[in-house]
Amino acid sequence: MLPRPSFRVARALELPTCYAPRPSLRANCLKSRQTQTQRRRMGEFPRNYKIKPDPLEEWRNPPPSKWPNRIRLLMLPFVGAIIYSMWTESDSLKTETPSIAQKDALLKRENGVSEQSPMRLRMEQFIKQHQKQIVSELEKVDGTKFTIDSWQRPEGGGGITCVLQDGKVFEKAGVNTSVVYGRLPRAAIQKMRVNHKALDPDVDSLEFFAAGLSMVLHPHNPNAPTVHLNYRYFETADEFGNTNAWWYGGGCDLTPSYLYDEDAIHFHSEIKQACDKHDKAYYPRFKKWCDEYFNNKHRGETRGVGGIFFDDLDETEKDQEQLFSFVQDCLSAFLPSYLPIINRRKDMPFTEAQKHWQQIRRGRYVEFNLVHDRGTAFGLNTPGARVESILMSLPLTSRWEYMHAPEKGSREERLIDVLKNPKEWV
């Protein structure tokens, strides 16, 4: 016999009796009963014979259930709760403001990047284009391919880290782009208000966007100088996603172990030409700023022979388009300023003593980056920071010696004299 299903469960969710169709006997059941009646009439069964009831009759035609109405009453609170939840959820979705990261992702997907796009997207596109160009030219110089590492940031944004280690020309070279979305805590806002009064001092946090290209090249040959470059854009947004404050920063500088005056003159001339296109006062002003910023104050000497450095250039300086054009020209001046130098010096012969001095100077480079550099400190203190990319600027090898001093009258001593008393190269 087939197992008997629970008719109470099956009947629980059906309509009330008044809405249900009237039960009807199946055709085969009617035929069976007609046959039995005919047989009885024909005398095949005794008069006192009783037909056994159908054992499945109750399953086929169960009595009406009282449970459906009760279940409906029990379901009313749950249905009400679901409707309220849907209503409040849709209301919250209507009032929630999308983050600037979400806005930018939508804009790029729908419209791409053009001159009408927000500066955030234009700066991101610009630095990524120049990263490809710089990496391509440096690969021609070294003959070795960069390792390219793309990464994403859970809070929004990401970056592309291009690194070359133990190449033919460069001991270590890194060309990085990073695009970061996040929130500034109140303490950071208060600190930034010193230079940016547009920032609201009464909020607990602000959305921010930061994009930049950062590069450091450490050649093998001690006659070839290390070079550093960084250009960046920073923006904050209010609670409605509107731009609250913005500014540019950046610069580039040359750090030789052995000083060749013609190299320093060429490097500074190219940078000055880019600055003069926008403001004749820019080069002397930003060159002085560079000498003051890239300075190991605990040693009383600059990190190298300088270049330019600027920060916090906002609407009080020039309008956004003019400053963007200035940054573009400065970054575009890098390859003409450095490629002739590295090609002149990369194959020069050198001694073990010169290599030893290079390692000591690289130790001074590490000291500045870890003790004084604001960019390194900001990066390491940003939630979700990618430490490997931030510390990419450090050389592969360096050296510290107790109370080391160069010989009197040596080229090494001349370099120290220039670092303690910065020169005007052009």
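The model shown is predicted, which means the values in this text are computed figures rather than measured ones.
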In Å and rounded to the nearest 0.5 Å, what is the CG to CG distance from Asn230 to Asn176?
10.0 Å
Is any side-chain heavy atom of Glu407 closer than 4.5 Å to one of Glu412?
no
Ion pair present between Lys297 and Glu367, side-chain N to carboxylate O less than 4.0 angstrom?
no
Short side-chain donor-acceptor distance under 3.5 Å, Tyr283 and His268:
yes
So with a 6.0 Å cut-off around CD of Glu139, is the heavy-atom count from everything else above 12?
yes
Would you mind telling me which of Trp289, Phe326, Tyr282 makes a ring-ring contact (aromatic ring centres under 6.0 Å, His included) with Phe310?
Phe326
dist Leu138:CG -> Leu339:CG (nearest 0.5 Å) comes out at 6.5 Å
Surrounding CD of Glu262 (heavy atoms of other residues, nucleotides or ligands, distance under 6.0 Å), is the total greater than 12?
yes
Under 4.0 Å between a side-chain nitrogen and a carboxylate oxygen: does that hold for Asp261 and Arg414?
yes
Mind listing the side-chain donor-acceptor pairs of residues 158-170 below 3.5 Å, one per line with the distance, residues two or more places apart or on another chain?
from, atom 1, to, atom 2, distance (Å)
Thr161, OG1, Trp151, NE1, 3.2
Thr161, OG1, Ser389, OG, 2.8
Lys168, NZ, Gly143, O, 3.4

Under 3.5 Å side-chain donor-acceptor pair for Asp329 and His278
yes
Does CD in Glu413 sit with more than 12 non-hydrogen atoms of other residues, nucleotides or ligands closer than 6.0 Å?
yes
Does any N or O in the side chain of Asn296 come within less than 3.5 Å of the main-chain N or O of Arg299, such that one atom is a donor and the other an acceptor?
no
Starting from the C-alpha separation in whole Å, work towards a yes-or-no answer on side-chain contact (heavy atoms from CB on, under 4.5 Å) for Phe267 and Val227.
CA-CA 10 Å; Phe267 186 78; Val227 68; 4.0 Å; yes
Which distance, rounded to the nearest 0.5 Å, do you find between the CD of Glu171 and the CG of Leu396?
5.0 Å
Give a yes or no on whether the backbone of Leu121 and the side-chain of Lys108 come within a donor-acceptor separation of less than 3.5 Å.
no
Examine distances only and state if a side-chain atom of Ser269 and a backbone atom of Ile265 form a donor-acceptor pair shorter than 3.5 Å.
yes
Answer yes if the side chains of Thr236 and Glu207 hold a donor-acceptor pair under 3.5 Å, and no otherwise.
no
I want to check something: taking the side chain as every heavy atom from C-beta on, are Phe209 and Ile100 in contact at a cut-off of under 4.5 Å?
yes
Quick check: does any side chain N or O of Thr177 sit under 3.5 Å from a backbone N or O of Lys128, one acting as donor and the other as acceptor?
no
State, with a plain yes or no, whether a side-chain heavy atom of Glu270 is found less than 4.5 Å away from one of Pro336.
yes
Determine whether Leu107 and Ser117 satisfy the following criterion, side-chain contact (heavy atoms from CB on, under 4.5 Å), listing intermediate values before the conclusion.
CA-CA 8 Å; Leu107 283 172; Ser117 298; over 6 Å; no
Ignoring hydrogens and geometry beyond distance, is a side-chain donor-acceptor pair present between Glu401 and His356 at under 3.5 Å?
yes
Would you say NZ of Lys420 has more than 12 non-hydrogen atoms from neighbouring residues, nucleotides or ligands within 6.0 angstrom?
yes
Within residues 346-355 or reaching into it, pairs that qualify as side-chain hydrogen bond (donor to acceptor under 3.5 Å, both in side chains) - sequence neighbours excluded
Lys355-Gln358
Stacked cation flag Arg361 on Tyr258, 6.0 angstrom / 45 deg:
no
Are any non-hydrogen side-chain atoms of Val371 and Val366 less than 4.5 angstrom apart?
no
Flag side-chain contact, heavy atom, 4.5 Å: Arg345 against Asn221:
no
Salt bridge or not between Glu317 and Arg285? Use side-chain N to carboxylate O under 4.0 Å.
yes
dist Tyr338:OH -> Asp263:CG (nearest 0.5 Å) comes out at 9.5 Å
Run the numbers on Gln133 and Leu335 for side-chain contact (heavy atoms from CB on, under 4.5 Å), then give the verdict.
CA-CA 9 Å; Gln133 182 183 357; Leu335 289 174; 3.9 Å; yes
For Ser325 and Glu321, indicate whether the former's side chain and the latter's backbone hold a donor-acceptor pair under 3.5 Å.
no
Interatomic distance, Ile127 atom CD1 to Gln129 atom CD [nearest 0.5 angstrom]
10.5 Å
Test ring-ring contact (aromatic ring centres under 6.0 Å, His included), reference Phe294, set Tyr365, Phe368, Phe286, output is Phe368
Check step by step if side-chain hydrogen bond (donor to acceptor under 3.5 Å, both in side chains) holds for Tyr293 and Asp311.
CA-CA 11 Å; Tyr293 179 77; Asp311 203 4; over 6 Å; no
Residues Arg303, Asn369; criterion side-chain hydrogen bond (donor to acceptor under 3.5 Å, both in side chains); working and verdict
CA-CA 10 Å; Arg303 188 174 73 175; Asn369 282 27; 2.8 Å; yes
Is a salt bridge present between Glu115 and Arg122, judged by a nitrogen-to-oxygen distance below 4.0 Å?
no
Between NZ of Lys318 and CG of Leu323, what distance do you get to the nearest 0.5 Å?
7.0 Å
Run through Tyr248, Tyr181, Phe208 and flag the one making a ring-ring contact (aromatic ring centres under 6.0 Å, His included) with Phe234.
Phe208
How far apart are the C-alpha atoms of Tyr233 and Gln320, what are their side-chain angles, what is the distance that settles it, and do they pass the side-chain hydrogen bond (donor to acceptor under 3.5 Å, both in side chains) test?
CA-CA 11 Å; Tyr233 174 74; Gln320 194 175 56; 2.9 Å; yes
Test side-chain contact (heavy atoms from CB on, under 4.5 Å) applied to Phe146 and Val175, step by step:
CA-CA 9 Å; Phe146 277 74; Val175 186; 4.2 Å; yes
Taking Asn242 for its side chain and Asp238 for its backbone only, find out whether a donor-acceptor pair lies under 3.5 Å.
no
Would you say Thr302's side chain and Gly304's backbone share a donor-acceptor pair under 3.5 angstrom?
yes
Output yes when a side-chain donor or acceptor of Ser332 lies under 3.5 Å from a complementary backbone atom of Gln328, and no otherwise.
yes
Is the closest basic N to carboxylate O distance between Asp291 and Lys287 below 4.0 Å?
yes
